[in-house]
K.L.:
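Handing you this structure, nothing more for now.
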Amino acid sequence: MKFSSFFIPTLKNIPAEAEIISHQLMIRAGMIKQASAGIYSWLPLGLKVLKKIEHIVRDEQNKAGAIEVLMPTIQSADLWIKSGRYEDYGKEMLRIQDRSGREMLYGPTNEELITDIFQSYITSYKDLPKNLYHIQWKFRDEVRPRFGVMRGREFLMKDNYSFDLTEEDSKISYNKMFTAYIKTFLRMGLTPISLRAETGSIGGNLSHEFQILAKTGESTLYYDKDLEKIDPETINPDKLQSYYAAVDGLHDEKNCPISKEQLKISKGIEVGHIFYFGTKYSEKLSAFVQNNKGKKTAVHMGSYGIGISRLVGAIIEAFHDDKGIKWPISVAPFHVSLINLMIDDKACAKMSNIMYEKISNSKLDVLYDDRDCSIGKKLSDNDLIGIPYQVIIGKRDLKDNIVQLKNRLNNETKKISPEEALNFLLEQTLTDF
RNA sequence: CGGGAAGUAGCGCAGCCUGGUAGCGCACAUCGCUGGGGGUGAUGGGGUCGGAGGUUCGAAUCCUCUCUUCCCGACCA
């Protein structure tokens, strides 16, 4: 993609409406535009990142045996009246009427709908377990939306729902998701910390929230430092759940079961939450199956959420410096930024075009900065948008057959030949496209 | 929902107190000089000052109402 023909409206000024760094950077990097309070349009660069995150989440869900469906954003109030949540949800639920005066709502979550789908078709224990997920926009009319996409009113969420015959089976499904969540966040370059959580209004008795470490995070986490050392190949959910981990209000210094040396305190951002809630919804919404004795029994359910749009902001909170964003390669909008410092110089243009073609023909996604603007603007824009590798082609170095290869994650720059730069890039292991 | 603040050019802001033909920086356009970290000179375009009503000869400025946005708190799968 050529920068000049793409659409990345970068800004030099920090918009007054943005308070936290990820929100500022997302606006300055031309990723989003606010449409109204807590509601955003996703511009091309932001959309690319959103899709990357969505892809990783989807891939790990599929690998864990979950099956994708797609439920509507607009739901009828009927099922919610049945489950009793039409009243409970209060003003956070955006309620609307269709033309014939029927009560509708913009879905804040999907337990009701999915349970209805389940009970319409599944009647035998032989069809269990089932785990259905979808990735869909939700709307919660927050009293006070803030922090950009981290706490918007409209947000993209992956939510899934497991259905099992027994509590024990449900725990297996729960642990599968627990493992999938850890893998998902590790793949995004994040450090996930799992914490036992309060179940709140959703009900049930087992719940974990997943926070990712970021210096600017909202919550303070107290946890066993071994939780940071997770090998994605050998994740053991029971073991991970046995480690000590607590958020701010729940940590009690006096009764903390682990030593001071072992305890670590860091800031985190919540990006996922999983629940086991038994038969709460299945009973109300008639999700029964027959067991092997022919007896009707309510299925045991769990629900599992990942805030996909929130992750875009959360990842920036975890990966940025004073110049801009530093994308982990698995979620980066492009893998390589090819920067031609001197578009009027024939040698620079020629070398840039050759490299652009070669990188384009590989698995790498390249953004070619061919804009006619000052060098300073080019370099600072590219640091701002944070593509992991920059190849900088300038007149001075090119005379000696040298280009600069910059790693945006650590800002190290190597002066090497174009061939070496190309070989280095093509050898990168990229698990996610 | 309680408390606070702000709406003036695409973005960031001044002007308002003390009413008199709307300004700065960035961005944008044209031309020139530059050319390895937001370079520079000249010229130029762009705003019914969030909206409605009122006071006044005259309102961005004073008064009333209203809409929107943000911050602190409470709230929060």
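The sequence lines fix the lettering, A, B, ..., with proteins before strands; numbering per chain opens at 1.
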K.L.:
Tabulate protein N/O versus nucleotide N/O from nucleotides 13-15 of chain B, keeping only pairs under 3.5 Å, one per line.
P.N.:
none

K.L.:
For the side chain of A:E17, starting at C-beta, report the closest nucleotide among B:C70, B:G37, B:G39.
P.N.:
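It is B:C70.
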K.L.:
From the options B:G35, B:C70, B:G39, select the nucleotide whose nearest atom is closest to the side chain of A:S374.
P.N.:
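Between B:G35, B:C70, B:G39, the one nearest the side chain of A:S374 would be B:G39.
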K.L.:
Is A:K378 touching bases, backbone alone, or none of the nucleic acid, heavy atoms closer than 4.0 Å?
P.N.:
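The residue A:K378 makes no contact with any strand.
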K.L.:
Please report, rounded to the nearest Å, how far the P atom of B:C11 is from the CD atom of A:Q24.
P.N.:
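Computing the A:Q24:CD to B:C11:P distance gives 16 Å.
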K.L.:
So what does A:E270 hit on the nucleic acid, given a heavy-atom distance under 4.0 Å: a base, only sugar-phosphate, or nothing?
P.N.:
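Answer is nothing: A:E270 stays at 4.0 Å or more from every strand.
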K.L.:
Side chain of A:E19: nearest nucleotide among B:C71, B:G37, B:C1?
P.N.:
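So the nucleotide nearest the side chain must be B:C71.
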K.L.:
In whole Å, what is the span from the CG atom of A:D369 to the P atom of B:G37?
P.N.:
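So the CG-P distance, A:D369 to B:G37, works out to 15 Å.
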K.L.:
Touch check for A:I375, heavy atoms < 4.0 angstrom, all strands: base, sugar-phosphate only, or nothing?
P.N.:
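Answer is sugar-phosphate: A:I375 comes under 4.0 Å of backbone atoms only.
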K.L.:
Base, sugar-phosphate or nothing for A:G394? Non-hydrogen atoms, less than 4.0 Å.
P.N.:
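Answer is base: heavy atoms of A:G394 come under 4.0 Å of a base.
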K.L.:
Salt-bridge test for A:K138 and A:D159: reply yes if a basic N is under 4.0 Å from a carboxylate O, no otherwise.
P.N.:
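Between A:D159 and A:K138 there is a salt bridge, with a charged N closer than 4.0 Å to a carboxylate O.
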K.L.:
Please list, for nucleotides 25-31 of chain B, all pairs of protein and nucleotide N/O atoms separated by less than 3.5 Å.
P.N.:
from: B:G25; atom 1: N2; to: A:N13; atom 2: ND2; distance (Å): 2.8

K.L.:
At a heavy-atom distance below 4.0 Å, what parts of residues 134-165 of chain A sit against RNA chain B?
P.N.:
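Heavy-atom contacts with RNA chain B come from A:R140, A:V143, A:R144, A:R146, A:R151, A:M157.
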